Amino acid sequence: MPPFFGELETIHFEGRESQKPLAYRWYDPNHVVLGKPLSEHLRFAIAYWHSLAMNGSDPFGAPTLNRPWMTRSDAMEGAREKADAAFELFRVLDLPFYTFHDRDIAPEGADLKESLKNFQAMVEYLAKKMEGSKAKLLWGTANLFSHPRFMSGAATNPDPDVFAYSATTVKHCMDATKQLGGSNYVLWGGREGYETLLNTDMGRELNHLGRFLNLVVEYKHKIGFDGQILIEPKPKEPTAHQYDFDTATVYGFLKKHGLEGEVKVNLEANHALLAGHSFEHEIATAASLNILGSLDVNRGDPLLGWDTDQFPNDLQAMTLALYQVILGGGIGKGGLNFDAKIRRQSIEPEDLVHAHVGAVDLCARAFLNAAALVEAGELKAAVAERYAGWDKPEAKAMLDGSLTLEQISEKTLANGVNPAPRSGKQERLENLLNRRLF
Ligand code: XUL
Ligand code: CO
């Protein structure tokens, strides 16, 4: 069988003038900016799930994408063929990382034992493939949402057997992530939520979820996994009410269960929008709470209220997001994972490559813009100026515990304090941003 992407050459940085359809024009991995090469700032990852495990089917129509490994009578043979295609894609795109769910890489077996056996066999297969590849694992995760057994949740399922099944699956998936040198382990609560309170004990379910996460963290320390544990917030879809609604909700949950120093967030652009936030809001919230872990970069469709998982292509939105990443101290052990799928009509193998190349360039260009904004310092100076009053000793005294409410009141009245409104200069700063974008 000919390699799925085999005829395509490896894609390189060729600069903005390149006329080649498949070339990086903005993403020069070795370009040093803010003291580090771009590849280290961005840590791009290809998602096995969307790129290899999707076939273009939707609720109204049959598969449109040619994914031959999905129709093999021997499912393990299909899984190896899929892995071969995956590593071809990694070679063509020449990006440093990939991500997977257990079910993306290995088929479900007749029972849990057989599923775990299939999974472990494919982990060994991937380990071998990684020896001949530059691709590293950004994160592993378990799919605890597709099979009907998870329809009422995984850790929050009313049935303790599903809790046990999920815990066993996550244990093995963490082992595999460690074995493959993964930098992070992700938990997206696909069906951790509810449809109606008429059949749901929400308080109990949240406590079960807290215990589950504590088990995961205890196990991480037991096996010496030095990656980050990440929760991926999403407000709805598939369930009407997801427990990991957004960053602030997740932080409250972590605090309640004593895990705020142990678990961070994997933020996805369109999940932020579904929660009524911007991506940069979620990033800034996570950074301010010290739980910014990693990013899933995609976009939704502003005309649709569901998760379309499209490849990102809005330069200003991505610049604002990556500006907050830089202000927040960078992405650390996380990365930028393309949790995005091509459209149903994009049926050529090359369409998947174009999607990634465009998205990589968009993110690189956005990062360069964000870095230039940081280096120019105008926005930072405007913010510093806005808060400059707090540099005065009498202002500091209100925050450092040396003044009581009564004392503040006495001083304020004695000094005849009479604040004058000052402009927030929003339009001036928006114009500055637009003027600076390149
Ligand atoms: C679902 C989603 C998942 C997670 C991993 O919306 O984003 O792909 O990233 O389970
Ligand atoms: Co995601």
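Keep in mind it's a predicted model, so treat the numbers as computed, not measured. Both ligands and their constituent atoms are indexed starting at 1 by order of listing.
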For ligand 1, does [X] get within less than 4.0 Å through its side chain, its backbone, both, or neither, judged by non-hydrogen atoms?
X	result
Asn143	neither
Glu268	side chain
Glu237	neither

Identity and distance of the protein heavy atom lying nearest atom 9 (O) of ligand 1: Glu232 OE1, 2.6 Å
At less than 4.0 angstrom from any non-hydrogen atom of [X], what atoms of ligand 1 do you find?
X	value
Trp49	3 (C), 8 (O)
His101	5 (C), 8 (O), 10 (O)
Asp296	9 (O)

Got a salt bridge between [X] and [Y], using NZ or NE/NH1/NH2 to carboxylate O under 4.0 Å?
X	Y	answer
Arg80	Asp84	no
Glu114	Lys117	no
Lys234	Asp307	yes
Lys20	Glu9	yes
Glu108	Arg149	yes
Glu81	Arg72	yes

What is the name of the N/O/S atom in [X] that sits closest to the Co ion (ligand 2)?
X	result
Asp296	OD2
Glu232	OE2
Asp339	OD2
Glu268	OE1

Passes side chain to side chain donor-acceptor pair (under 3.5 Å), Glu205 versus Tyr243? Steps please. CA-CA 9 Å; Glu205 290 198 359; Tyr243 293 137; 2.7 Å; yes
Might you work through the side chain to side chain donor-acceptor pair (under 3.5 Å) test for Asn270 and Asn298, ending with a clear yes or no? CA-CA 6 Å; Asn270 198 49; Asn298 61 10; 5.7 Å; no
Among Lys220, Lys264, Glu262, find the residue that satisfies the side-chain contact (heavy atoms from CB on, under 4.5 Å) test when tested with Ile229. Lys220
Indicate yes or no: does an N/O atom of [X] lie under 3.5 Å from an N/O atom of ligand 1?
X	result
Lys234	yes
His271	yes
Asp339	yes

Does Glu237 form a side chain to side chain donor-acceptor pair (under 3.5 Å) with His271? I'd like the steps, not just the answer. CA-CA 10 Å; Glu237 207 207 296; His271 296 180; over 6 Å; no
Hey, does Asp307 sit under 4.0 Å from ligand 1 if you only count heavy atoms? yes
